[in-house]
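First comes the structure, then the notes that go with it.
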Amino acid sequence: MRRLLVTGGAGFIGSNFVHHVIDNTDLHVTVLDKLTYAGNLRSLDGLPGDRFAFVQGDIADAALVDSLFGDADAVVHYAAESHNDNSLHDPRPFLDTNIVGTYTLLEAARRHGTRFHHISTDEVYGDLELDDPARFTETTPYNPSSPYSSTKAGSDLLVRAWVRSFGVQATISNCSNNYGPYQHVEKFIPRQITNVIRGIRPKLYGAGENVRDWIHADDHSSAVLTILERGRIGETYLIGADGERSNKEVVELILEEMGQPRDAYDHVTDRAGHDLRYAIDSTKLRTELGWMPAYSDFESGLGATIAWYRDHEDWWAPAKDETEAFYASKGQ
Ligand code: NAD
Ligand code: DAU
């Protein structure tokens, strides 16, 4: 394996993965990204020209995808419409990219016999009760709640069908909530950090009791590289770092770390259908493939993320006003 094609590599997790691969392997990386509102070429600044190439385009463009698969030994598929709130207001792009886009890539993988890794989410499993001791495993039944998570669930099922029916050499990973550098300001953690920097009070949906299982994006990248190198074809691996926190706890940590009173936030209109709790059991990945997260301490990872947003206002400022205007129009 010498040449990787990474779809969605100008987005949050994709760009973290590209930096991780360039820093930790000798692979050549080509990124295919449409540069939607969520893509940012500046997230790929500083990569070496002799090991990195960028192609702007749509994963649903079959001719373009076919030409790029011809030059790739393996494909890692991150490209997606990724934001639940957007999917509640305008689901159509989620169907086009997450379903039709993934189908287009799978057909190319089938034609070219290319190794394919599909990036997915723990949200395909629905949610858990707050007091349930259970966590998601690879055998938890699918039960998605939102237009976003249902299109991700659909894309996972397409991958499984293309493995079984057409022999496509694919693996799937379902990861929990990521945090770290290069995350769009529409998402929970960067929204609150950049709100505090701008003097705006953080916004908590509903009572703030919902729980997410946080993992640093760099740990997600090391897990994906491990699966690409050693994962068994046709298998699904859950990725998580035991980072369960309620949204209220996260907002309070951000405020404390940024020198503000811990209660200086507002409760706003809750998200429709808001999943209560996600929690990942990543035993299979850890025992079968020997993967371990490097960021065992959420508080220090969050501190480093706050520092990154403080130092990179030029990266996030262009999207901030429009994002807040959108939320304000929804009472959030
Ligand atoms: P993101 O929204 O930050 O980035 C998505 C990227 O895909 C952008 O660069 C965008 O331009 C590109 N893109 C969108 N539509 C495209 C198309 N039709 N053709 C080509 N490129 C297109 O998303 P993210 O948070 O980095 O998520 C990346 C992947 O990881 C997604 O598949 C998501 O479901 C999955 N995931 C995300 C999380 C999380 O916490 N953010 C957790 C688990 C899994
Ligand atoms: O679990 C993995 C998923 O994590 C990924 O599949 C998605 O692509 C990713 O966006 C993320 O989904 P969430 O909906 O959990 O993330 P979001 O950052 O939108 O919200 C995290 C939690 O914070 C959620 O319970 C909603 C809440 N929230 C969000 C925003 C933007 C707030 O309380 N206030 C906010 O302003």
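Each ligand, and each atom within it, is numbered from 1 in the order the structure gives.
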Residue selection (non-hydrogen contact nearest atom 30 (C) of ligand 2) among Tyr265, Tyr278, Trp214, Tyr205
Tyr205
Under a 3.5 Å distance rule, please check whether Thr269 uses its side chain to pair with a backbone N or O of Gly331 as donor and acceptor.
yes
Is the closest side-chain heavy-atom distance between Glu123 and Ser150 below 4.5 Å?
no
For ligand 1 and Glu186, I'd like to know whether there is a polar contact (N/O to N/O, distance under 3.5 Å).
no
Main-chain N/O of Gln56 paired to Asp33 side chain as donor or acceptor, under 3.5 Å
no
Asn210 N/O under 3.5 Å from ligand 2 N/O:
no
Could you tell me which non-hydrogen atom of Thr104 sits nearest to which non-hydrogen atom of Ala60, and how far apart they are?
OG1-CA, 3.7 Å
Any atom of ligand 1 sitting under 4.0 Å from a heavy atom of Ile119?
yes
For the 3.5 Å polar cut-off, considering only N or O atoms, please tell me whether Lys152 and ligand 1 meet it.
yes
Thr194 and Lys320: side-chain donor and acceptor closer than 3.5 Å?
yes
Those atoms of ligand 1 less than 4.0 Å from some heavy atom in Leu35
11 (O)
Show the atoms of ligand 1 that are less than 4.0 angstrom away from any heavy atom in Asn177.
40 (O)
Take Tyr205 and Phe188, measure what ring-ring contact (aromatic ring centres under 6.0 Å, His included) needs, and give me the verdict at the end.
CA-CA 10 Å; Tyr205 291 176; Phe188 178 54; 7.8 Å; no
Going by the atom numbers of ligand 1, which of them fall below 4.0 Å from some non-hydrogen atom of Gly11?
3 (O), 4 (O), 6 (C), 8 (C), 9 (O)
Please work out which of Phe12, Tyr37, Phe17 has its closest non-hydrogen atom nearest to atom 25 (O) of ligand 1.
Phe12
From the options Arg271, Glu324, Arg191, Gln332, select the one whose nearest heavy atom is closest to atom 17 (P) of ligand 2.
Arg271
Starting from atom 9 (C) of ligand 2, which protein heavy atom do you reach first, and at what distance in Å?
Ser82 O, 4.0 Å
Is there a nitrogen or oxygen of Lys34 sitting under 3.5 Å from a nitrogen or oxygen of ligand 1?
yes
Which atoms of ligand 1 sit under 4.0 Å from any heavy atom of Gly8?
6 (C), 7 (O)
Of Trp316, Tyr309, Trp315, Trp308, which meets ring-ring contact (aromatic ring centres under 6.0 Å, His included) against His312?
Trp308
Show every ring-ring contact (aromatic ring centres under 6.0 Å, His included) that has at least one partner inside residues 29-67, sequence neighbours left out.
Tyr37-His184
Can you tell me which residue and heavy atom of the protein come closest to atom 10 (O) of ligand 2, and the distance to 0.1 Å?
Lys187 CE, 3.0 Å
In ligand 2, the atoms that come under 4.0 Å of a heavy atom of Gln192 are 34 (N), 35 (C), 36 (O)
Without swapping roles, check the side chain of Ser15 against the backbone of Phe12 for a donor-acceptor pair under 3.5 Å.
yes
Return a yes/no value for Gln183: is any of its N or O atoms, backbone included, closer than 3.5 angstrom to an N or O of ligand 1?
no
Would you find more than 12 non-hydrogen atoms of other residues, nucleotides or ligands less than 6.0 Å from Glu313 atom CD?
yes
Just need the protein heavy atom nearest to atom 34 (N) of ligand 2, so name the residue and atom and give the distance.
Lys203 O, 2.8 Å
For the side chain of Asp218 and the backbone of Asn16, is there at least one donor-acceptor N/O pair under 3.5 Å apart?
no
Check ligand 1 against Tyr148 and write out every atom of the ligand that is under 4.0 Å from a heavy-atom position of the residue.
33 (C), 34 (O)
Is it the side chain (CB and beyond), the backbone, both or neither of Glu186 that lies under 4.0 Å from ligand 2, heavy atoms counted?
backbone
Out of Glu123, His274, Arg277, the nearest non-hydrogen contact to atom 25 (O) of ligand 2 is supplied by His274
What atoms in ligand 2 come closer than 4.0 Å to a heavy atom of His83?
19 (O)
Look at the side chain of Asp266 and the backbone N and O of Val268, then say whether any donor-acceptor pair between them is shorter than 3.5 Å.
no
Residue pair Leu253 / Glu299: nearest heavy atoms and the distance that separates them:
CD1-OE2, 3.7 Å
Shortest heavy-atom approach to atom 14 (C) of ligand 1 - which of Ala79, Ala80, Ser176
Ala80
Under the 6.0 Å and 45° cation-pi test, does Arg111 pair with Phe69?
no
Atoms of ligand 1 less than 4.0 Å from Asn178 heavy atoms?
39 (C), 40 (O), 42 (C)
Once the angle between the rings of Tyr179 and Trp214 is folded into 0 to 90°, is it parallel (under 30°), tilted (30 to 60°) or perpendicular (over 60°)?
perpendicular
Under a 4.0 Å heavy-atom limit, does Asn84 contact ligand 2 with its side chain, its backbone, both, or neither?
side chain
Where ligand 1 meets Cys175 - atom numbers and elements under 4.0 angstrom, heavy-atom basis:
42 (C), 43 (C)
Between Asp73 (side chain) and Arg3 (backbone), is there a donor-acceptor pair under 3.5 Å?
yes
Any non-hydrogen atom of Ala60 lying under 4.0 Å from ligand 1?
no
For atom 27 (C) of ligand 2, what's the nearest protein heavy-atom neighbour? Residue, atom name and distance, please.
Asn247 ND2, 3.4 Å
Heavy-atom proximity to atom 10 (C) of ligand 1 ranks first, among Asp213, Thr36, Ile13, for Thr36
Between Asn40 and Ala38, is there a donor-acceptor pair closer than 3.5 Å when you use the side chain of the first and the backbone of the second?
no
Any donor and acceptor pair, going by atom type alone, linking the side chain of Asn210 with main-chain N or O of Asp275 inside 3.5 Å?
yes
Tell me which one of Gly39, Ser120, Ser82 gets a heavy atom nearest to atom 23 (O) of ligand 1.
Ser82
List every atom of ligand 1 that sits less than 4.0 Å from any heavy atom of Gly57, numbering the atoms from 1 in the order shown and giving each element.
19 (N), 20 (C)
Measuring from atom 16 (O) of ligand 2, which candidate in Asn178, Asn177, Asn174 has the nearest non-hydrogen atom?
Asn177
Which residue and heavy atom of the protein sit nearest atom 18 (O) of ligand 2, plus the separation
Phe188 N, 2.9 Å
Ignoring angles and geometry beyond distance, decide whether Tyr327 reaches within less than 3.5 Å of ligand 2 through its nitrogen or oxygen atoms.
no
